[in-house]
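Shown next, in C-alpha cells, is the structure this report addresses.
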Amino acid sequence: MHQLLQIHAQMIRNHFFQDPFAATKILEFCAASAYGNLHYAHKVFDQIPHPNTFAWNTIIRGYAASPFPKPSLHLFRRMLGSGVATNSYTYPFVVKACAHLSALEEGQQIHSFILKSGADHNVFSVNGLIHMYATCGEVDLARRMFDTSPDRDLVSWNSMLSGYVNCGLTASARHVFDEMPERGVISWNAMINGYSKCNEMDSARELFDRMPSRNVESWNTLIAGYAKCGLLDVSRSLFDEMPTRNVISWSAMITAYAQGNRHNEALALFDEMTNAGVKPNWATIVSVLSACAHLGALERGRCIHVYIDRSKMKVDSIIGTALIDMYAKCGCIDSACGVFDAMKSKDVFSWTAMIGGLAVNGYGGKALELFGRMEEAGVRPNEVTFVGVLCACSHGGLVQTARWYFDSMRTAYGIEPQIEHYGCMVDTLGRAGLLEEALSLVQAMPVEPNSVLWGTLLGACWIHGNANIGEYVVEHLAKLKPDDGSVYVLLANIYATAGRWDDAKKIRIFMKSKGMLKSPGRSSMEVEGIVHEFYVGDKLHPRTEEIYRMLDEISSRLKLVGYVPNTTPVLFDIEEEEKEHAISVHSEKLAIAFGLISTSAGSPIRIVKNLRVCRDCHTAAKFISKVYDREIIVRDRNIFHYFKDGSCSCRDYW
DNA sequence: CTAGGGTTAG
C-alpha cells in the first residue's frame, strides 16, 4: 500500500491521469485489494477525466465483490449515462451485486440491458443471472436461464443446484445433482448443505462419505448441519477429526455450542482457538459475546469488548447488539447504554436489546421512554420489541400501561400478540394480584397455553398464596410436564404459605411415590474470568472448607442483627434445626460466601442463578449487603436483584 | 457456484 501511494503521488505530479490506461492500472490494484482500499480506489477513479470502459468495469467490480456492493449499481447507472460502451465484462459484476443485495427489479433491468446490448450471451453473465434469480427467490426464472443457455459449464450447474438449495427445494437440487455431467467439490458441498438445511443428516452424511475428495468447506458444512439438528457431539467429533481447520470451522463449532445452550463449552473452545493462534473474526466474536451474555460472564465479555476496540473491528449493529445484550444480561446496564449511545447505526435488534435490557434490570420507566425514542427515530418495532415493552410493564407493576401496549400492538402496529406477549400480560396481572383476570385471559386467548405460561400463573399464585387457582393451574401443568417435580414443589410451597400443611405433606408423599425430583438449584459466579459453579449443598469446590466456614460466620453475624431463617419452603419431616441447615446451603448462599472470600472488599458480587431466588436467600442477601457492605447482584431466572445497603431493587416483588 | 452471525414471556 505504501508503494502504491508513492506511485500515485508521482502520477499526480506527472499529470498521468490524462492517460486512462495508467490510471486504470492503479485503480485495478486498489479495487482488487481489501474493502478498506475501495474508498481510495474510488477517489482515484474520480480523478480520471474520461474513464474508459475498462476503468468503469474495474471500479464496479471492486464494489460488487465487497461486502457493501450497493455503490456498484449506482456507478453502473452513471456509466450508462456517460455514454461509455459496456462490454461483456461489465454485466456479470453488476448482476452479482444484485444477487448480493437481493435486488430483483434492478437485476431484471440489467438482464434486459444485456439482451438489448446484443452483447454475447456469455456464460459468465448467464451464470450470474441464474444465481441472481435464485437468490431473489425466483427459482423458476433461474431455471429458464439455465435451460435456455447455449453452453453450460460446471459453474452453471452449481449455480442452479445451490439455487434450489437456497429455496429449500432439496428434491429438485438432487435432480440437478444427479444429472450433472461432472461434479466438482463445490457441487458435493452444495448438495450436502441442501440436506443439512432440511435436517436430512443421513443423506448429507452419505454424500459426504461418498465424495471423492473433500475440502475444509465440506467438513464445515457437515459440522454446521449436525449442530442445527442438535447433534452437537457428532459435530464435535467431526471437528476433532478434520484434517485442517480454518476460522470458520472454529466459529461454526463455537456457535453450535452457544446456540445449543452449552455456553461454557463455547468459551472453552474459544480459548482453545486463541491458544492455537487462530484469530477470531466478526462471527466468532458475536457467538462468544452471546455465550458470555447467557453465562453472565462479565469479565470475559469485557475482554472481548477490549479485543474489538483494539483490533479496530467495526462495531456494526450486530456486534453492537451482542455487546448491549451481554452487558445487560451481566447486570451492567450503564455499559450497555454506553455501547448503545455510541452506535452509529442502530436497527430494530439494537433498540429491542436495549429496551429488554433496561426492563429486566428494573428500569421499566426508562425502557418505555426508550421505546418512545425508537418511534421518533422511525424504527418500526417488531414482535420481540413488544416482549421487552410488556416485560418493562410487568416488572414495574404498570398494569394499565401494559393493557394499553398490548392492545395497541395489534391496532396501531398490526402485530398479532403471540404466546410470549400473553405470558407478559399474565405475569403483569398475576404479580399485581389480579389472578382472576390473569386466568380469564389464559382461558380466552386464541393460542394454546404452554407450560411456561401456566408456570407464570403458578408463580403469581405463589406470590399471593392463592391455592385455589394454584391447584387448577397445576392440573394443566401436570398434563404438559408430567415429570417436572418443580411444579409440585411450588404447589406445596403455596399450601405451606397458606398454612395448609396437610395438603403440603400430601404433595410431598405423592412426589416421593412418583420418584420426582426438583431440579437442583445452581448458581455461578465468575472470578478473574473463571466461572465457578455451585449446587445446593455441594462440596466439590476446591475451597469448600473456607466457604463453609464463611457460611457459619455469615449466619452468626446475621442473627445478631435480627435475621431469622425462613424455613417455610422446606417440607421435609425434619427438625427445625435441620431445616435451617437445608436452606443455609442453597447454591446462591454458597456463591455469596465464595464471593466474599475471593473478591476484594468493595467490589460487587455478581451471581447467576438457574431458578428463582428463594425467600430466605433473598432476605439473607439483603442483610449481607448491609452487614458486609457489599453490592450483591443476582441474575435470577427472570430478573435482576441488586442488593445494596439492606434492600433490593425488586422492592421484594418478584 | 459451497461453510460460520445479534434481540423473545418464567
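Judged by atom type and distance alone, A:Asp636 does not reach the base of B:dG10 through any side-chain donor-acceptor pair under 3.5 Å. Side-chain N/O atoms of A:Asn215 and base N/O atoms of B:dA3 include no donor-acceptor pair closer than 3.5 Å. Donor-acceptor pairing under 3.5 Å, judged by distance alone, is present between the side chain of A:Thr321 and the base of B:dG6.
Taking the side chain of A:Thr221 as heavy atoms from C-beta on, and the options B:dA9, B:dA3, B:dG5, the nearest nucleotide is B:dA3. For A:Phe349, the listed nucleotide lying nearest its side chain is B:dT7; candidates were B:dG4, B:dT7, B:dA3.
Between the P atom of B:dT7 and the NE2 atom of A:His421 lies a distance of 16 Å, rounded to the nearest Å. A:Leu238 places its CG atom 13 Å from the C1' atom of B:dA3, with the value rounded to the nearest Å. For the pair A:His294 NE2 and B:dG10 C1', the computed distance is 15 Å after rounding to whole Å. Across the protein-nucleic acid pair, A:Tyr195 atom OH and B:dT2 atom P stand 18 Å apart, rounded to whole Å. The interatomic distance linking A:His263 (NE2) with B:dG6 (P) rounds to 12 Å, in whole Å. The interatomic distance linking A:Met313 (CE) with B:dG4 (P) rounds to 18 Å, in whole Å. Per the geometry, CZ belonging to A:Phe177 stands 16 Å off P belonging to B:dT2, to the nearest Å. Between the P atom of B:dG4 and the NZ atom of A:Lys228 lies a distance of 10 Å, rounded to the nearest Å.
Heavy atoms of A:Asn127 sit nowhere under 4.0 angstrom from any nucleic acid atom. Base contact: A:Asn450 has a heavy atom under 4.0 Å from a base atom. Base contact: A:Ile419 has a heavy atom under 4.0 Å from a base atom. Residue contacts for A:Ala322: at a heavy-atom cut-off of 4.0 Å it reaches no nucleic acid atom on any strand shown. Using a 4.0 Å heavy-atom criterion, one finds that A:Cys424 contacts the sugar-phosphate atoms exclusively. A:Ser317 comes within 4.0 angstrom of a base, heavy atoms only. Within the nucleic acid shown, A:Ser218 has no heavy atom closer than 4.0 Å to any nucleic acid atom. Using a 4.0 Å heavy-atom cutoff across all strands shown, A:Val384 reaches at least one base atom of the nucleic acid.
Ring to ring, A:Trp188 and A:Phe177 are close: their centroids are under 6.0 angstrom apart. The ring of A:Tyr422 has its center closer than 6.0 angstrom to the ring center of A:Phe406.
DNA chain B is contacted by A:Ile186, A:Asn189, A:Asn193 of residues 179-194 of chain A, taking any non-hydrogen atom closer than 4.0 Å.
Distances shorter than 4.0 Å separate some side-chain N or O of A:Gln259 from OP1 or OP2 on B:dG6. Contact check, A:Lys329 against B:dT8: a side-chain N or O comes under 4.0 Å of OP1 or OP2. Residue A:His131 has a polar side-chain atom (N or O) positioned under 4.0 Å from OP1 or OP2 of B:dC1.
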Would you please test A:Glu200 and A:Arg174 for salt bridge (charged side-chain N to carboxylate O under 4.0 Å, His left out) and show each step? CA-CA 13 Å; A:Glu200 292 179 39; A:Arg174 180 60 195 244; over 6 Å; no

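In this structure, A:Ile319 CD1 and A:Ser350 OG are separated by 12.0 Å, a value rounded to the nearest 0.5 Å. Atoms CG and CG, from A:Leu161 and A:Leu154 in turn, are 10.0 Å apart once rounded to the nearest 0.5 Å.
A salt bridge does not link A:Asp407 to A:Arg403: none of the charged side-chain nitrogens sits closer than 4.0 Å to a carboxylate oxygen. At a threshold of 4.0 Å, the pair A:Glu272-A:Arg236 counts as salt-bridged, since one of the basic side-chain nitrogens sits closer than that to a carboxylate oxygen.
Geometrically, A:Arg245 engages A:Trp250 in a cation-pi contact, judged by NZ or CZ lying under 6.0 Å from the ring centre and within 45° of the ring axis.
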